[in-house]
Every structure is written in C-alpha cells, then in structure tokens.
Amino acid sequence: MVAKTTNPPFSKILIAGAGPSGLLLALLLAQHDIPSLVLESWPGLDTRLRATQYGVPATRIFRRAGILSDIRKASIPRFPTICWRRVADGEKLVEIDMSLVENEEDRMTVLQLGEIIQIMYKHCLDPEKGRGLIDVRFNHRVTGTGQDGDKAWVDVEVGKEGEETRHERLEADYVVGCDGAASAVRRSLFGREWPGQTFDCRFMVQNVFYDGFADHGWEGGNYMIDPDHWGLIARRGHGGLWRVTYGDPVPGLTDEEYLARRPWHFKAMLPGHPDPDQYRIEHTNIYNIHNRCVDSFKVGRILLAADAAHACNPMGGYGCMTACLDVGGLADCFIGYHQGRAGPEILETYAKVRRDIFLKYVDARSIKNLNRVSKTDPWTVADTDPFFKIVKELNKDQEEMKKFLMKMSSIEYDFTQHYEERPATACATNGTVNGTWNGISNGVVKHSEDEGAKVEVALHMEAV
C-alpha cells in the first residue's frame, strides 16, 4: 500500500544531457508539474548527423510530449516505401509499402534528429509547454556524481572551453544520466568499460544532394546489401536531401583515408554509379558503432536512460526509438511516484524491465539487422532469410500489413500497471498491455520458437 500524502516525495530531477533523451524527459515531467534541471556540456545543442527515422513506438512518445505536430510540419510529406536492394545491380529484393499507413497519426516519423532537438528545446522554453519548470544550462560538464540517503548530486565544470572555468556541486532528489554513449554519469558509476562489443568497421554518415535518385525512381528508404558497401540510403528532407550511410569494412584507417575511399563506395551504391562531380555532400559524421548495455540502469538515486545505458548499431533505427521508450517509461515511473500512486520501488522496476527488454530484443535484433545487410549472400538472401519470407507473405494482404505496421510492440512496456490506482487513460506512454507474470523478472513478453521470425519482422518494422 502506497502512503497517500499531499506533499510529493521529491521536488526536482537533475538530468545530465540536453540531447533528445534529456529534453524529452524534461518535457514529459513538466506536463505533470515536476521541475527539472538539465545540464549540457556543449555550448549549445548538438545537431550533428545522427538518427533520421523513428518507428511507431517512438512516434507515440513524441505525440505524448506534444511535439509530434511540429515534427510533422518540418518533415517531408511522404515516405512511401522501405526496401532492401542488392548493391551489385540495384535490384529491389523486398519492399514494404509505407503508404498504407500514411494517414495514421502514429506512423513512422522522418526528420533529422538535429531538427527534432531544436523543436524539443523550443518547447522546453515555451512558458505554456515547459511551464517554466525546465532549466537548461549549457557549458556545464559533469565531472562526477555522488549521493546519500536524501539526495544525489553532480560535480560540474562550468564555462566555455578555453576560458576560465569554475566548479560547482548541484543537488537534486534524483540524477538521471541522459548524456549519451560517452556518458559521464555512467562512467562515474561503472568506469570507462561497459559490456558489449564494438564492430570492426567505421560508420560513414553524410547528407547528399544527387539528381540521380529521382532520375532512377528511388524513394523512401533503401537498405543496401553487400559485404563491402552495406548501409542505408534514404530520402531525408526537402529540396532533394538524402542521407547516405554505410559501413567501411576496413578497420584502423584515419578519417582522411576513409573519406578518400568514399567515392568508391558511392559509385557502387548510388543509382547511376556517379562520379564525385555529379553529387554534392553537405555534412559528414564518422564514428564507431557498438552494441553494449550497462550492468544496471539504477544505482541508488542515480539512474541511466537511452544511450547512456545502452548502445546499438544503427541498422534498423533501434537506438533513438529505444531511447524514447526508456524516457517515456522512466517519466511514467517518476510521475506515479510523485503523485503518490506508486512507491520508490517503481524506479527499480524501470531499471529492471528496460534493461531486460534491451538485452532480450533490441540487442539481438539490431545485430541481425546489421548482419542481414553486411554478411548475407546478396544473391540468395531474398529466398533464405525468414524475415524476408514473412514480409513477402504479409505483402499479399494490405489490411494485414497495415495492422502489422501499426501494432503494439513487445519492446514497449506499460509502467502505469504498477500504480496503485491505474490512470483512466492507462498506459499513457504507449498503449500496450505488456505486463508481468511472476513480478518484474518476467516483465518482458515471451514468444514461442515458431513465432521468432514473425516477431523479428514486427520489431524491424517498428524501427525501419
């Protein structure tokens, strides 16, 4: 029995990281009158090239946070197809007709993450949407964390790089690390090492303008299958903007050497096999890709979410989508606790369930997605891969495909089921009925062996 009180059990959350996860959490908390202090080490928003498409589960969180309408206004009007192509001849092997759900409010979202962050930040500052409860401070670099029985804190270095700085200790009831894969909060708890793997490639991300996409009838998203030139080519913005991403399989080169190899990759992957003078590249990001997960999402009054807690390779778009689900779930837990509908143990439930979901589903499925484009035989995969076989079967019935594209996901979780009094609009975060059997440890939906391939299709479609 949760003790009822008119005094909330906590008054402020400190969030490390003013990226998409940190700002999204702040917005969701502000909707329920929970103040937050958001600290960002950068002098401004990080708008580097990262995610660009977000599955249905993430879109539901965007809607709940009140930002979906602005995202839709800024994004391209249509994203008609997702397909898998063989690089050697450009042939489509399998295709999903996304126009089937183009009138659904919660359909997949397509917009560069840098633009979404700016929308989130604008909402945080808005006196009606942020309610004056969100304090975002830039040039605040977390250098350490600590806690006692009543509070948690972060030690920060304040000031611009290259200028004189000062050191402060900032306190709150709870600290949440939403500060990305290089999380200072996570490192303060567990050190620099965290379980998982780094893949033997460099991931190349670039915005590209090339008339050949339209000339050759390319649209939507195109996963490219090839051992040397695997990746994703997708329309991403107005005015002919496309995002070309690929993994260079040769390890150990300098960034300059990887850039020198880019024309070779582009000539193989882009339709029409263009030379460098036929396309224009704007912005490039180069990084390593990983699949990792921390040992615990919660240590006392310090919690981790999104990329600070786990990382996965970008094939399939699981990174940002899973981050949104972490944040939406954690917000529900804080809200229920703050309103007296749940006790502090609900935060332990968050830490257990979200980690279980990552390890049981997201980690394995994202690696399968990566292997599908990088390690399979491009000439036989369309007939041998169970994922492709089920997509082809679903394509025979448009209504079934539509239902499937919009279905609830087994990587979503309704934390409001742990409230003593369930809200009238149960599962504000996602609407799914993913529940528990023998407590938290079995809180992730189980599937029989013969359902495995179909589950994989469902999860991939939510993330493509």
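- Although no hydrogens or angles enter the test, the distance criterion places no donor-acceptor pair under 3.5 Å between the side chain of Asn222 and the main chain of Cys83.
- By the side-chain hydrogen bond (donor to acceptor under 3.5 Å, both in side chains) test, Arg86 is found to be paired with Asp89, Glu91, residues two or more places apart in sequence or in another chain being considered.
- Cation-pi geometry between Arg355 and Phe297 is not met at under 6.0 angstrom from the ring centre and within 45 degrees of the axis.
- The distance from the CD1 atom of Ile116 to the CG atom of Leu45 is 13.0 Å, given to the nearest 0.5 Å.
- Distance alone, capped at 3.5 Å, is enough to place a donor-acceptor pair between the Ser183 side chain and the Val185 backbone.
- Without hydrogens or angle criteria, Arg235 side chain to Trp242 main chain gives no donor-acceptor distance under 3.5 Å.
- No side-chain heavy atom of Asn139 sits less than 4.5 Å from a side-chain heavy atom of Glu157.
- Residues Leu304 and Phe190 share a closest heavy-atom pair of CD1-CE1, 4.1 Å.
- Pro271 is listed as a side-chain neighbour of Tyr210, based on a closest heavy-atom distance under 4.5 Å.
- For the pair Arg372 and Phe387, the cation sits on the ring face: its NZ or CZ lies under 6.0 Å from the ring centre, inside 45° of the axis.
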Please evaluate residues Ile233 and Phe213 with respect to the criterion side chain to side chain contact (heavy atoms under 4.5 Å, CB included), reporting the C-alpha separation (whole Å), side-chain torsions for both, the decisive distance (0.1 Å), and the verdict. CA-CA 10 Å; Ile233 299 174; Phe213 292 125; 3.6 Å; yes
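- In this structure, Val38 and Ala26 approach most closely via the heavy-atom pair CG2-CB, 4.0 Å.
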Check against salt bridge (Lys or Arg N to Asp or Glu O under 4.0 Å), Lys402 and Glu400: CA-CA 5 Å; Lys402 181 177 179 179; Glu400 285 301 308; over 6 Å; no
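- In terms of the side-chain contact (heavy atoms from CB on, under 4.5 Å) criterion, residue partners of Asn291 (sequence neighbours excluded) are, by chain and number, Gln197, Phe199, Cys312, Asn313, Asp363, Ser366, Ile367.
- By the side-chain hydrogen bond (donor to acceptor under 3.5 Å, both in side chains) test, His265 is found to be paired with His229, Asp248, residues two or more places apart in sequence or in another chain being considered.
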Between Met401 and Asn395, is the side chain to side chain contact (heavy atoms under 4.5 Å, CB included) condition met? List the steps. CA-CA 6 Å; Met401 176 63 87; Asn395 278 335; 3.1 Å; yes
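- Checking side-chain atoms of Lys352 against main-chain N and O of Leu347 turns up no donor-acceptor pair under 3.5 Å.
- For residues 182-199, no residue pair satisfies the salt bridge (Lys or Arg N to Asp or Glu O under 4.0 Å) rule, not counting sequence neighbours.
- In this structure, Tyr287 and Phe203 have tilted ring planes: the angle between them lies in the 30° to 60° band.
- Side-chain polar atoms of Ser69 and Arg63 form no donor-acceptor pair below 3.5 angstrom.
- Rounding to the nearest 0.5 Å gives a distance of 14.0 Å between CZ of Arg280 and CD of Gln206.
- Side-chain atoms of Arg354 and Leu325, non-hydrogen and from C-beta on, do get closer than 4.5 Å to each other.
- Inter-residue side-chain proximity for Thr47 and Gln118 is flagged as met; some heavy-atom pair is nearer than 4.5 Å.
- Formation of a donor-acceptor pair under 3.5 Å by the Glu104 side chain with backbone atoms of Val101 is not found in this model.
- Judged as a salt bridge (Lys or Arg N to Asp or Glu O under 4.0 Å), the pairs with a partner in residues 269-279 (not counting sequence neighbours) are, in order, Lys267-Asp275.
- In summary, the side chains of Asn207 and Gln112 do present a donor paired with an acceptor at a separation below 3.5 Å, with no hydrogens or angles considered.
- Considering all non-hydrogen atoms of both residues, Ala268 and Val87 come closest at O-CG1, 3.5 Å.
- Put simply, the side chain of Lys368 never gets that close to the backbone of Leu370: no donor and acceptor are under 3.5 Å apart.
- In summary, the side chains of Thr284 and Arg262 do present a donor paired with an acceptor at a separation below 3.5 Å, with no hydrogens or angles considered.
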Steps toward ring-ring contact (aromatic ring centres under 6.0 Å, His included) verdict (Tyr246, Tyr258): CA-CA 11 Å; Tyr246 63 86; Tyr258 283 115; 9.2 Å; no
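- Proximity of Met98 to Ile82: side-chain heavy atoms (C-beta onward) are separated by under 4.5 Å at one or more points.
- If you take CG on Leu394 and CG on Asp97, they are separated by 12.5 Å, rounding to the nearest 0.5 Å.
- Of all heavy-atom pairs between Tyr350 and Cys333, the closest is CB-SG, 3.7 Å.
- Using a 3.5 Å distance cut-off with no hydrogens or angles, the side chains of Arg202 and Asn288 do pair a donor with an acceptor.
- Arg72 contributes a side-chain N or O that, together with a main-chain N or O of Glu105, makes up a donor-acceptor pair within less than 3.5 Å.
- Between Val110 and Met108 there is a side-chain heavy-atom pair separated by less than 4.5 Å.
- Residues Leu14 and Leu39 form a side-chain contact, since some pair of their non-hydrogen atoms from C-beta on lies under 4.5 Å apart.
- At a cut-off of 3.5 Å, with distance as the only test, no side-chain donor of Arg64 or Gln31 sits close to an acceptor on the other residue.
- A salt bridge does not link Lys375 to Asp226: none of the charged nitrogens lies less than 4.0 Å from a carboxylate oxygen.
- Panel note: side chain Asp106, backbone Met406; no donor-acceptor pair is recorded below 3.5 Å.
- Proximity of Pro20 to Met120: side-chain heavy atoms (C-beta onward) are separated by under 4.5 Å at one or more points.
- Taking the six-membered ring for Trp and thresholds of 30 and 60 degrees, Trp84 and Tyr223 have nearly parallel ring planes, at less than 30 degrees apart.
- Considering all non-hydrogen atoms of both residues, Asn369 and Gly316 come closest at ND2-CA, 3.9 Å.
- Rounding to the nearest 0.5 Å gives a distance of 7.0 Å between OH of Tyr413 and OG1 of Thr349.
- To the nearest 0.5 angstrom, Phe266 atom CZ is 13.5 Å from Arg261 atom CZ.
- A search for side-chain contact (heavy atoms from CB on, under 4.5 Å) contacts involving Ala152 returns Gln147, Val175, Arg301, Ile302, not counting sequence neighbours.
- Among all heavy-atom pairs drawn from Glu102 and Arg78, the shortest one is OE1-NE, 3.3 Å.
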I'd like to know whether Asn371 forms a side chain to side chain contact (heavy atoms under 4.5 Å, CB included) with Thr376, so could you lay out the CA-CA distance, the side-chain angles of the two residues, the decisive distance to 0.1 Å, and finally the verdict. CA-CA 7 Å; Asn371 290 341; Thr376 58; 5.7 Å; no
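- Considering OG of Ser75 and CG of Leu111, their distance stands at 6.0 Å, rounded to 0.5 Å.
- The one candidate from Thr143, Leu37, Thr145 that meets the side-chain contact (heavy atoms from CB on, under 4.5 Å) condition with Val154 is Thr145.
- With Arg243 contributing its side chain and Arg236 its backbone, the two residues share no donor-acceptor pair below 3.5 Å.
- Salt-bridge check for Arg60 with Glu412: passed, with a basic side-chain N closer than 4.0 Å to an acidic carboxylate O.
- Applying the 6.0 Å contact sphere to CG of Asp255 captures more than 12 heavy atoms from other residues, nucleotides or ligands.
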